[in-house]
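Here is the structure we will look at.
Residue numbers begin at 1 in each chain, while the letters A, B, ... track the order of the sequences.
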Amino acid sequence: MSEAAPRTDVPAIEVRNLHKSFGDNEVLKGIDFHVDQGEVVCVIGPSGSGKSTLLRCVNRLEEPTSGTIMVEGVDITDDEMDLDKVRTRIGMVFQQFNLFPHLNVTRNLTLAQIRAKKRKKADAEEIAARNLAKVGLEDKATAFPTQLSGGQQQRVAIARALSMDPDMMLFDEPTSALDPELVGDVLDVMKQLAKDGMTMMVVTHEMGFAREVGDRVVFMDGGVVVEQGKPEDVLGNPQHERTKEFLSKVL
Amino acid sequence: MAPPLKRSTRRRLTRGALYVLFILAVAVVVWLADWEAIRSNFFDLDVAVEAFPEILTVAAKNTVLYTAIAFVGGLLLGLILALMKLSPILPYRWAATAYIELFRGLPALLVIFGFAFAVPIAFGWRPPGGSAGAGLIALIIVSSAYIAETIRAGIEAVPPGQVEAARSLGMRPSWTMISVVLPQAFRIVTPPLTNELVILIKDTSLLFIAGMALGDRELTTFARDMVSSSANATPLVLAALLYLIITLPLTQLVAKLEKHNKRGR
Ligand SMILES: Nc1ncnc2c1ncn2[C@@H]1O[C@H](COP(=O)(O)OP(=O)(O)OP(=O)(O)O)[C@@H](O)[C@H]1O
Ligand SMILES: [Mg+2]
């Protein structure tokens with residue numbers, strides 16, 4: 001139900017020769033990367049390797065320095081293109097949840113539907129309720145974010161992104177800010193999403209999730225993609241020295 | 001040698017000594033004051049009775065009315081200036097900065113005087129509403145300069161993740177500002193804004209310089225006029241009491257809001 005008919009014959013996300021610098025600090029050094037439609041790609045790598053920067057370039061929260069980024073066949077670095085409309089098709093979930101603290105859960109979920117998708121309030125609320133149920137929080141519709149646990153907040157954030165009916169979801173370490181006992185609930189929601197066929201790009205330190213849910217694992221280090229492939233290959237039988245060194249530290 | 005005192009005992013002794021000093025000071029002042037002169041000059045019941053009901057129906061009413069107009073005007077103009085100052089468009093930023101620095105740097109009294117007398121001479125334009133109108137425009141302009149800086153600080157205090165979340169959902173910058181950033185910014189700056197309001201209440205007393213028509217007088221102008229006609233200062237005391245009745249609840253509110261905000265973090 002997205003605005004422009006998404007093309008199904010192209011990758012959901014295709015990044016070519018992406019460079020990104022902050023001042024003199026070159027963080028991405030020529031990244032080639034793609035996510036096929038319906039695919040779950042997990043991006044792993046040491047801190048500072050540029051994982052978040054890559055993910056944030058995909059919906060242009062970060063301005064790339066050079067290179068192309070295609071989303072469903074549309075070059076989103078083209079200034080003629082309506083970036084806001086493309087963003088409604090790309091759900092994003094942040095490490096720090098970033099719920100709107102002055103709005104209750106339902107209004108968190110309906111705000112952008114009404115403002116960006118021009119949905120009627122009643123329709124937006126119906127969609128919000130459906131997505132809240134999907135993340136198991138239908139009883140929290142009128143709660144405010146501060147009244148929820150971190151895990152509940154993150155599930156609300158996922159429901160908020162889903163309420164826009166995105167074609168794909170970007171996750172930036174969605175469980176890293178959570179107490180260990182709350183991680184499971186969020187991962188369960190993400191697993192269900194993957195099972196339902198959602199296209200997902202997940203930056204994560206959860207190797208168990210990558211192994212179980214990922215169709216492909218991409219290992220980044222120093223601003224380049226070092227190695228990628230099936231989870232059992234990359235995680236179980238890494239080919240590169242840097243991958244081995246990283247995995248020996250986290251596994 | 002005396003045994004060392006416990007800390008709590010020492011503290012109680014210090015506090016006791018302070019109370020004694022304070023009571024002594026009050027006693028000296030009371031003893032030195034000329035009570036009959038004070039009573040007849042500042043607390044003359046006949047003069048006080050004469051001040052009513054106009055001191056309420058005209059003077060206090062106008063003080064509240066002028067404060068409300070200047071505050072609402074200052075908020076709107078201040079919001080526009082704050083957005084200009086944060087705008088990516090350079091000339092907007094320059095204009096807002098120049099305006100803010102100019103009117104924060106000038107005494108409010110001088111600005112009111114300027115609008116009441118200099119502007120009509122220089123531009124042949126009389127602000128609507130006579131002297132009161134001219135003075136109010138000046139108050140709006142001065143308060144907007146302060147309020148703009150307050151609102152800007154509030155906008156900048158909203159975490160950048162809020163804007164990123166709204167933008168990633170496809171919300172345009174204007175809607176992001178209106179429904180995500182500003183509501184949070186105003187919540188953050190409610191205590192300082194209430195302070196601006198209290199300052200504004202007191203600044204309406206500067207309007208006397210514009211020379212107000214009889215029915216336009218606010219508390220201070222009204223009291224000063226009455227002091228000269230009755231040769232008695234009682235109206236000033238009444239005005240002072242009325243100012244306190246208006247401002248004290250507000251300053252209490254600020255204290256409460258600040259405590260509440262601190263707990264909320
Ligand atoms: N806005 C910014 N301004 C300047 N430098 C930045 C900015 N954002 C990121 N960087 C730098 O870019 C590099 C890569 O950061 P990035 O957040 O992409 O790493 P990451 O792989 O996500 O790391 P982590 O696992 O710690 O989240 C880091 O050196 C960081 O300091
Ligand atoms: Mg990161």
Side chain, backbone, both or neither: which part of A:Leu99 has a non-hydrogen atom closer than 4.5 Å to chain B? backbone
Highest number of heavy-atom pairs under 4.5 Å with chain B: which of A:Arg60, A:Gln96, A:Arg56, A:Arg87? A:Arg87
Should the pair A:Asp123-A:Lys118 be classified as a salt bridge under the 4.0 Å nitrogen-to-oxygen rule? no
Run the salt-bridge test on A:Asp172 and A:Lys51 with the 4.0 Å N-O cut-off and return the result as yes or no. no
Turns out that what part of A:Leu61 lies under 4.5 Å from chain B's heavy atoms comes down to side chain
Looking at CG of B:Asn62 and CG of B:Leu207, how far apart are the two atoms once the value is rounded to the nearest 0.5 Å? 9.5 Å
Give a yes or no on whether the backbone of A:Met168 and the side-chain of A:Thr199 come within a donor-acceptor separation of less than 3.5 Å. no
So for A:Phe94, is it side chain, backbone, both, or neither that comes closer than 4.5 Å to the heavy atoms of chain B? side chain
Presence of salt bridge, B:Glu218 and B:Lys61, under 4.0 angstrom: no
Which atoms of A:Arg160 come close to chain B, meaning under 4.5 Å heavy atom to heavy atom: side chain ones, backbone ones, both, or neither? both
Under a 4.5 Å cutoff for heavy-atom pairs, which residue among A:Leu83, A:Asn59, A:Asp82 has the most contacts with chain B? A:Asp82
